[in-house]
Amino acid sequence: MHATLTLLRREPRARRFFAAHGQSALGNGAGYVALVVLAHEAWASPWAISLVLLADFLPAMLFGPLFGAAADRWSRRTLAIVSDLMRAAAFVGVALVGGIWAIVALALLAGAGAGISTPAVLAALPSLVEEKRLPAATSLYGALTDAGRAIGPAVAALGLLLMSAEWVAAFNGITFLVSAVVLATVRFGERPQRDEAEEPAGLLQEAREGISATARMGGIRVLIGVSSGLLLFAAMLNVTELLVAEDLGSGDSGYSVLVAFAGLGFIVGSLAGAGGAPVAELKRRYLSGIGVMALGIALFGIAPVYLVALVGLTLTGVGNGLLLTHERLIFQKVVPDRLLGRAFALADTAGCWAFAIAFAGAGALVEVLGIQAVLLGAAAATGAIWIVATFALRSTWAAGPVEVRYAESSRAGSELPASTARSASV
């Protein structure tokens, strides 16, 4: 917490950035509740909810590498502003239009804005603050994002008591507009520097090159595979939380508390990365996050009483926050700046596919196997992933010199020779 407070005291640009991000994250958490309500009002079918939720993932699933290439080609701040304007237009539009297909189309626009924002902002954070405060900035970004997801629905519930869902959606659109205006006043996220002799390529070619270059970085390749695999099993909790709450006799209110504590755990785990560390220590903390997640999912799966389920889901949130924040910090340290947007976009794309597959299959698995078997299977799979990740990363980033070369190149915005880039990742 001290590192986070120091960041906000010493970095005026960061204060403006995080004020903008915090209010838009809160509005986004409320806005998606309104979006679901409006979609269901337009078409009283479970498919309406499925369509708008899928729309949040689909653009990144299909076009994530292109979004990353854009973040490595153009000004990242400009892309962040454009993504905010897209989401502002989408949610104000949702408040004004009627009909399920218009709502789905606007939800896709919002999803595209989110897909552009993730790689652009994460790749731009190193230019926002001094290097020693980058861990605090990255952890605070994750904490505010999840705080919005946790608190936003409560704001939406209050808003829906006082006004219509259309007004709640419009409020979210206004928060993104405010964010765009504020970001336009903050200097950060300049276009990554390139070798003057480098031939300009098309966006599609740069996306392919980004996938190829990221795949050659052994450690980064492992992180993307491990994290997406974890999301595949952790997403099972989203389907089973309400069912577990009902089985334990706590009902809808108990479910709401479970979700809130999972979000609180995520915030705690995210802020734990604020102090920063060498890459070898970041790797250790990343792996510890997987272990905490496995323990939390197991406790949630075997919970004989509500309190145990609450502890289990909170631990799962802590582990998730730990691994996500430390994964991002590792990316920022070891991936060259010219590739950073594409690396983050590839991780986001893989995660979105994992979520989509989990949401599509979890209901059927629960029907066939039962809630406890699905959760214990997810816990066992998470434990197995921890073993695989520990083994795969055992000799990666074990010492300091390589990570320093990457960090220095990244901050300078210069390119690494291909031979150096390959050897630094193994």
Side-chain angles (χ1 to χ4, degrees), residues 21-42 46 48-57 87-88 90-92 94-95 103-104 106-107 110-111 113-114 117-118 141-176 178-179 231 234-246 250-270 300 306 309-310 313-314 316-318 320-321 324 352 355 358-359 362:
H21 178 59
Q23 59 90 40
S24 64
L26 186 65
N28 199 38
Y32 268 97
V33 172
L35 182 64
V36 168
V37 170
L38 290 171
H40 195 257
E41 288 177 356
I49 299 173
S50 298
L51 284 172
V52 296
L53 292 178
L54 179 61
D56 190 37
F57 295 108
R87 288 178 284 182
F91 280 96
V92 171
V94 164
I103 292 174
V104 170
L106 290 167
S117 175
T118 297
Y141 175 80
L144 288 175
T145 300
D146 209 68
R149 294 193 187 108
I151 302 171
V155 173
L158 178 62
L160 290 172
L161 290 175
L162 302 175
M163 62 187 75
S164 67
E166 287 85 355
W167 278 106
V168 176
F171 165 77
N172 184 31
I174 292 170
T175 66
F176 280 117
V178 169
S179 178
L231 286 174
M236 302 288 181
L237 272 68
N238 295 85
V239 178
T240 58
E241 287 164 343
L242 177 59
L243 302 176
V244 170
E246 290 177 345
S250 60
D252 292 345
S253 59
Y255 165 67
S256 299
V257 173
L258 284 175
V259 173
F261 270 74
L264 179 62
F266 188 99
I267 293 168
V268 170
S270 294
F300 188 64
Y306 180 79
L310 190 65
L313 209 54
T314 303
T316 304
V318 171
N320 197 356
L324 183 57
C352 287
F355 264 119
F359 286 154

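All residue numbers refer to positions in the sequence shown, counting from 1. Note that this is a predicted model, so its numbers are computed, not measured.
What you find for Pro153 and Gly148 is that their closest heavy atoms are CD-O, 3.9 Å. When all heavy atoms of Ala150 and Gly263 are compared, the pair lying nearest together is CB-CA, 4.2 Å. Shown here for Ala39 and Ala48, the closest heavy-atom pair between the two residues is O-CB, 3.5 Å. Contact between Ala358 and Ala235 at its shortest, heavy atoms only, is CB-CB, 3.4 Å. Shown here for Val92 and Ala170, the closest heavy-atom pair between the two residues is CG2-O, 4.3 Å.
Considering only residues two or more places apart in sequence or on other chains, Phe355 meets the ring-ring contact (aromatic ring centres under 6.0 Å, His included) condition with Phe57, Phe359. Every ring-ring contact (aromatic ring centres under 6.0 Å, His included) that Tyr141 has, sequence neighbours left out, goes to His21.
Summarising the geometry, atom OG1 belonging to Thr175 is positioned 8.0 Å from atom CG belonging to Leu26; distances are rounded to the nearest 0.5 Å. The structure places CG of Asn320 at 12.0 Å from CD1 of Ile267, a figure rounded to the nearest 0.5 Å. Note: Met236 CE to Leu231 CG = 11.5 Å, rounded to the nearest 0.5 Å.
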Practice item. With side-chain contact (heavy atoms from CB on, under 4.5 Å) as the test, would you mind laying out the steps for Leu258 and Phe300 before giving the verdict? Key: CA-CA 10 Å; Leu258 284 175; Phe300 188 64; 4.2 Å; yes

Exercise for review: Take Phe91 and Leu106 through the test side-chain contact (heavy atoms from CB on, under 4.5 Å) and record every step on the way to the result.
Suggested key: CA-CA 7 Å; Phe91 280 96; Leu106 290 167; over 6 Å; no

Check your understanding: Does the pair Ser24 and Arg87 meet the rule for a side-chain contact (heavy atoms from CB on, under 4.5 Å), with working shown?
Key -> CA-CA 10 Å; Ser24 64; Arg87 288 178 284 182; over 6 Å; no

Exercise for review: Begin with the C-alpha distance, continue with both residues' side-chain angles, and end with the deciding distance and a verdict on side-chain contact (heavy atoms from CB on, under 4.5 Å) for Val257 and Leu310.
Suggested key: CA-CA 8 Å; Val257 173; Leu310 190 65; 3.9 Å; yes

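Here the side chains of Leu38 and Ile103 are in contact, with some heavy-atom distance below 4.5 Å. Between Val168 and Val33 the shortest side-chain heavy-atom distance does not fall below 4.5 Å. Between Asp56 and Tyr32 there is a side-chain heavy-atom pair separated by less than 4.5 Å. Residues Phe266 and Val318 fail the side-chain proximity criterion, which asks for heavy atoms closer than 4.5 Å.
For Phe176 and Phe171, the distance between ring centers is not under 6.0 angstrom.
The backbone N or O of Ala114 lies less than 3.5 Å from a partner atom in the side chain of Thr118, making a donor-acceptor pair.
Exactly one residue among Val37, Val94, Val36 makes a side chain to side chain contact (heavy atoms under 4.5 Å, CB included) with Val52. That residue is Val36.
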